[in-house]
Engineer: 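Next up is a structure, given as structure tokens.
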Amino acid sequence: MPLTAAVISGLQRLVLYETRARFFLVGCNHAQTKHRVLKIDRTEPRDLVIIDDKHVYSQQEVRELLGRLDLGNRTKIGQKGSSGLSRAVTSYGIVGFVRFLEGYYIILVTKHRKVADIGGHAIYKIEDTNMIYIPNDSVRVTHPDEARYVRIFQNVDLSSNFYFSYSYDLSHSLQHNLSMLCALCKGGDLEMGSSCRQDGFDIFEDEGVPTQGVFLDVSEPYEKYVWNSKLLEKVKDTLHSDWLMYIIHGFCGQSKLLIYGRPVHVTLIARRSSRFAGTRFLKRGANCEGDVANEVETEQIIHDASVMSFTMGSYSSYVQVRGSVPLYWSQDISTMMPKPPIRLDQADPFAHVAALHFDQMFRRFGSPIIILNLVKKREKRKHEKILSEELYPAIINLNQFLPPEHSIDYIAWDMARYTKSKLCNVLDRLSMIAENVVKRTGFFVNRSDFYCHSLRLDERWGDLGGCVMPSGRMQTGVLRTNCVDCLDRTNTAQFMVGKCALAYQLYALGMIDKPKLQFDTDCVRLFEELYEDHGDTLSLQYGGSQLVHRVKTYRKIAPWTQHSRDIMQTLSRYYSNAFSDADRQDAINLFLQVYQPGENKPHLWELPTDFYLHQSNSMDLPPYRRSYTCWWSDGVLTYLPLPYDEVPCEENRTKVAVKRVNCYDEAIDTYTEFYKPYELSSFDDTYCVTMTNSARDFMPKTVGVDPSPFTVRKPEETGKSVLGKSSKDETLLQRKTAASAPPPPSEEAVSSSSEDDSEEEREDDGSASQRSTPIKLAESGDSVRPQEVATCPPRLAPSAVHVGWNPSHLLKRFAHLGQNQHKVEKTDRQAEQRPLENVINLSPVSSFTADSVYEVCVPRVDAESRALFEGHVQANRGIIRSLRPEDTLLYREYVKNRYM
């Protein structure tokens with residue numbers, strides 16, 4: 001049984017009922033066993049009056065309550081119709097409450113879609129919302145500008161890249177969610193008895209005896225990445241925590257990587273900061289509190305999906321950050337130029353704003369903080385170079401007060417200049433930087449190293465940084481990447497760092513034998529597609545268009561049609577920046593409640609600038625001035641290189657609420673949360689089937705040799721290109737090709753495919769290598785006939801089966817049937833008509849001495865079958881044995897029969 005668990009929200013389905021005087025919001029869990037009722041007063045024209053009785057109702061009690069409310073709100077006894085209690089809308093969560101110049105509105109999520117699953121905890125994307133005015137029309141006080149504020153507020157499209165989860169904290173990283181409570185437990189704050197331990201194990205969360213207890217973790221979200229915290233601020237202290245649903249903005253994508261049948265989920269989560277948020281040219285640099293524009297935290301999570309429990313499963317994550325240069329700078333867009341000149345707004349000789357920004361990073365990520373600055377160094381007219389000339393002295397000034405082992409690392413590299421050079425390979429240089437960065441920061445993994453890592457020690461694995469613990473590894477420090485816009489160049493650099501980290505993560509989970517991945521493999525193609533979707537989404541949110549330069553552009557393998565597409569994206573970005581960014585900025589300011597309308601205040605559209613809205617301290621004298629030498633927060637340096645937000649200090653103990661619950665409590669039942677056995681669902685519509693699959697979407701259908709996702713393939717060999725032009729003839733050809741394919745290569749040949757040898761690939765592109773293997777096609781004249789199976793004589797009496805026989809012969813015959821599913825070889829007719837007397841012996845029940853159907857011979861299990869069963873048991877306990885050549889051959893046959 002897990003000692004700790006995250007709380008699952010008890011309100012996942014809401015129904016809004018209305019009367020003339022009140023709204024009744026009835027919430028229940030998925031199983032509809034627990035209900036809560038929220039009463040919202042509609043007679044107040046401007047105030048928000050909400051009553052939460054904190055009582056948990058059963059389904060029968062809720063029906064009786066709604067029946068009494070319906071009867072009591074009818075104007076006449078026995079009358080039926082709309083005058084009583086009417087059902088308004090069905091929803092899945094409350095985004096928040098907002099008021100402009102009239103009364104309050106309630107914003108409800110009416111449609112959602114599952115987009116990811118982490119440890120059995122579902123992540124949903126908001127598909128549609130409903131904004132409902134609370135006061136009744138009879139008490140409504142109208143205002144002429146109310147409709148305009150509503151239109152501006154609804155310009156923030158909540159159905160575009162807003163995500164939430166009922167049981168997983170999306171505002172924190174996986175490392176924080178899994179390690180924070182464990183650190184408090186080890187610190188002695190919680191008393192854990194022996195009754196919490198259990199030898200049994202379930203594939204999701206262990207089911208213990210009723211006397212067992214679990215420590216429930218209720219932690220506060222990280223408000224920097226929560227976009228509806230201001231909308232819930234008024235009701236946060238009065239409502240039960242189950243009513244509160246926190247949403248993030250950014251990107252979330254997940255794909256399934258099949259490694260010889262073992263499912264590995266690759267998840268990419270991007271959290272956009274809600275502070276100093278805005279559009280491209282209207283939000284540059286940093287504000288007076290150290291928050292930078294276009295700040296996004298990207299986390300890639302790798303976990304073995306065959307065991308999805310957080311306590312027994314294998315999970316790994318790596319975090320990196322992008323954000324604008326932390327200086328006071330901006331660009332004037334009134335000139336209508338594609339690249340407005342960069343200007344420094346304020347002099348900051350002591351790097352005060354940079355100190356505030358890096359203090360936040362030390363608290364959240366620890367040390368080392370590595371800056372990768374990709375802006376241009378050489379320009380005919382100074383443009384981007386202005387930022388580098390200001391940022392580098394600021395880093396030098398801050399580092400002189402830090403201990404040398406925790407100083408901020410600064411890497412400046414003109415990526416645009418290297419791209420134009422024909423002699424330099426941009427991605428090779430980025431690979432070198434990525435290798436150095438990942439070795440210094442390390443990554444998070446929740447399990448200790450495998451024994452095979454010590455037997456076949458890789459030199460790169462021994463130099464890996466981070467914090468090594470008995471239970472695994474922790475990432476200490478982070479890479480902060482920036483260019484001017486933090487869009488195209490930044491996304492490519494983050495992809496290369498993520499690709500390097502992915503290799504180490506797969507190596508730590510025992511999936512590959514060396515921490516290195518090559519381009520043009522199914523694994524990297526899947527990862528590249530995730531990062532391109534990630535980059536397109538973030539670019540649309542900040543710049544108004546998709547990426548202009550992609551990974552293929554920097555690899556110089558983009559098709560000629562890519563150039564026209566890049567031109568269209570550039571024009572789209574320019575149009576958005578010139579004509580629509582101002583309206584989008586007003587909508588973001590209103591949604592985040594940076595600006596709150598009032599009677600005696602100028603309207604939002606009347607403000608000449610929003611500078612003073614985001615620079616809250618610029619109009620006030622600060623009560624104290626931070627030190628220019630000790631510019632970090634108290635206690636941060638004490639715990640470095642560990643992040644201050646993840647250590648069991650007094651400040652963090654107040655942010656985590658821990659209570660002991662029964663192991664059968666619905667608040668921690670991840671099994672029911674994932675499978676939902678009380679719902680009727682279609683298998684083809686489940687998320688596990690519809691999610692991107694490396695074997696289905698990326699592996700070429702003509703492969704019959706090596707289904708490994710780490711095998712280098714030709715650029716045109718993709719599953720999507722074959723699927724796009726499928727026909728009956730091609731399907732038949734693929735089946736014949738797979739049936740007559742030679743056996744897979746040896747284990748050494750498969751493992752060597754994960755080594756990075758890009759130079760040899762370019763030289764030997766046409767040679768016979770691991771990219772393609774010649775396949776022998778089946779002869780068209782081979783006769784295919786149905787296989788004749790010997791029939792057993794009819795049974796004259798009820799019979800029982802003796803299983804005390806050698807199963808090897810029967811297993812061989814079943815394997816022979818599978819091999820000849822599509823093509824039956826010519827065999828000896830006499831061998832096919834061989835009787836099965838030596839395989840299965842049928843004996844009448846009456847031959848038993850006791851003459852009873854309950855008495856049978858005890859089956860004898862051979863050593864091979866026992867070893868196979870013990871292997872399954874060990875796999876459920878998280879102990880996965882290494883793949884054998886027999887397993888590779890078995891999976892090859894499965895791929896042939898399933899996908900060919």
Side-chain angles (χ1 to χ4, degrees), residues 1-14 27-36 56 59 91-94 109 111-126 163-172 174 177-178 181 200-208 210 212-219 221 240-248 252 254 263 265 267 269 301 303-313 315 659 661-683 685-691 876:
M1 188 69 202
L3 295 177
T4 62
V7 61
I8 301 174
S9 176
L11 302 177
Q12 302 186 18
R13 188 172 181 271
L14 311 178
C28 65
N29 55 1
H30 263 301
Q32 298 186 8
T33 57
K34 294 182 179 180
H35 297 73
R36 291 182 181 272
V56 179
Q59 190 172 14
S91 64
Y92 301 96
I94 303 175
V109 177
K111 290 183 181 180
H112 68 307
R113 175 172 58 89
K114 186 176 179 180
V115 294
D117 184 272
I118 303 176
H121 302 274
I123 300 175
Y124 298 96
K125 178 181 179 293
I126 298 177
Y163 305 91
F164 70 94
S165 176
Y166 294 115
S167 55
Y168 183 80
D169 188 359
L170 287 173
S171 64
H172 285 293
L174 180 71
N177 292 336
L178 295 188
L181 189 60
F201 168 71
D202 184 79
I203 195 169
F204 275 85
E205 299 291 349
D206 307 351
E207 299 180 1
Q212 289 183 329
V214 178
F215 291 104
L216 197 64
D217 174 19
V218 185
S219 60
H240 190 272
S241 59
D242 285 347
W243 292 104
L244 306 177
M245 184 186 73
Y246 299 100
I247 63 176
I248 67 168
C252 183
Q254 189 176 62
H265 286 180
T267 311
I269 300 176
I301 301 174
H303 72 274
D304 186 354
S306 59
V307 181
M308 300 191 70
S309 166
F310 274 148
T311 54
M312 301 300 294
Y315 290 82
K659 65 178 181 179
V661 298
N662 190 278
C663 62
Y664 285 142
D665 196 293
E666 292 182 353
I668 61 170
D669 189 3
T670 332
Y671 181 90
T672 304
E673 171 70 14
F674 180 81
Y675 281 113
K676 297 180 176 59
Y678 37 78
E679 288 187 358
L680 178 62
S681 58
S682 173
F683 180 76
D685 296 335
T686 57
Y687 172 72
C688 296
V689 177
T690 58
M691 68 186 299
N876 282 346

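Along the sequence shown, residues are numbered consecutively beginning with 1.
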Engineer: Which heavy atom of Cys252 sits nearest to which heavy atom of Ala116, and what is that distance?
Structural biologist: SG-CB, 3.8 Å
Engineer: Return yes if some donor-acceptor pair links the side-chain N/O of Gln254 with the main-chain N/O of Asp117 below 3.5 Å, else return no.
Structural biologist: yes
Engineer: Begin with the C-alpha distance, continue with both residues' side-chain angles, and end with the deciding distance and a verdict on side-chain hydrogen bond (donor to acceptor under 3.5 Å, both in side chains) for Tyr678 and Gln32.
Structural biologist: CA-CA 10 Å; Tyr678 37 78; Gln32 298 186 8; over 6 Å; no
Engineer: Please report the closest heavy-atom contact between Tyr315 and Ser309, naming both atoms and the distance.
Structural biologist: CE1-O, 3.3 Å
Engineer: Can you tell if the side chain of Ile118 reaches within under 4.5 Å of the side chain of Ile269, non-hydrogen atoms only?
Structural biologist: yes
Engineer: At what distance, to the nearest 0.5 angstrom, does OH of Tyr92 lie from CZ of Arg13?
Structural biologist: 6.5 Å
Engineer: How far does OG of Ser91 sit from CD of Gln12, to the nearest 0.5 angstrom?
Structural biologist: 12.5 Å
Engineer: How would you list, by chain and number, every residue that makes a side-chain hydrogen bond (donor to acceptor under 3.5 Å, both in side chains) with Tyr163, sequence neighbours excluded?
Structural biologist: Asn161
Engineer: Output yes when a side-chain donor or acceptor of Asp169 lies under 3.5 Å from a complementary backbone atom of Asn177, and no otherwise.
Structural biologist: no
Engineer: Supply the atom-to-atom distance His121 NE2 to Ile8 CD1, rounded to the nearest 0.5 angstrom.
Structural biologist: 6.0 Å
Engineer: Could you pull out all residues at least two apart from Asn29 that satisfy side-chain hydrogen bond (donor to acceptor under 3.5 Å, both in side chains)?
Structural biologist: Thr33, Glu666
Engineer: Could you check whether any side-chain heavy atom of Phe674 comes within less than 4.5 Å of a side-chain heavy atom of Ser167, counting everything from C-beta outward?
Structural biologist: no
Engineer: Leu170 versus Tyr246: any side-chain heavy-atom pair under 4.5 Å?
Structural biologist: no
Engineer: Can you tell me how far OG1 of Thr267 sits from CD1 of Ile301, rounded to the nearest 0.5 angstrom?
Structural biologist: 5.5 Å
Engineer: Is the shortest heavy-atom distance from the side chain of Val689 to the side chain of Thr686 under 4.5 Å?
Structural biologist: yes
Engineer: Which heavy atom in His35 sits nearest to a heavy atom in Cys28, and how many Å separate them?
Structural biologist: CD2-CB, 3.3 Å
Engineer: For Ile94 and Trp243, which heavy atoms make the closest approach, and how far apart are they?
Structural biologist: CD1-CE3, 3.9 Å
Engineer: Under the side-chain contact (heavy atoms from CB on, under 4.5 Å) test, which residues partner Lys111, sequence neighbours left out?
Structural biologist: Glu127, Asp128
Engineer: Quick one, Ile123 with Lys114, criterion side chain to side chain contact (heavy atoms under 4.5 Å, CB included). Give me CA distance, side-chain angles, the key distance, then yes/no.
Structural biologist: CA-CA 6 Å; Ile123 300 175; Lys114 186 176 179 180; over 6 Å; no
Engineer: Identify the heavy atoms of Gly27 and Leu14 that sit nearest to each other, and give their distance.
Structural biologist: CA-CD2, 3.4 Å
Engineer: Quick one: closest heavy-atom pair of Tyr166 and His112, and the distance?
Structural biologist: OH-NE2, 4.5 Å
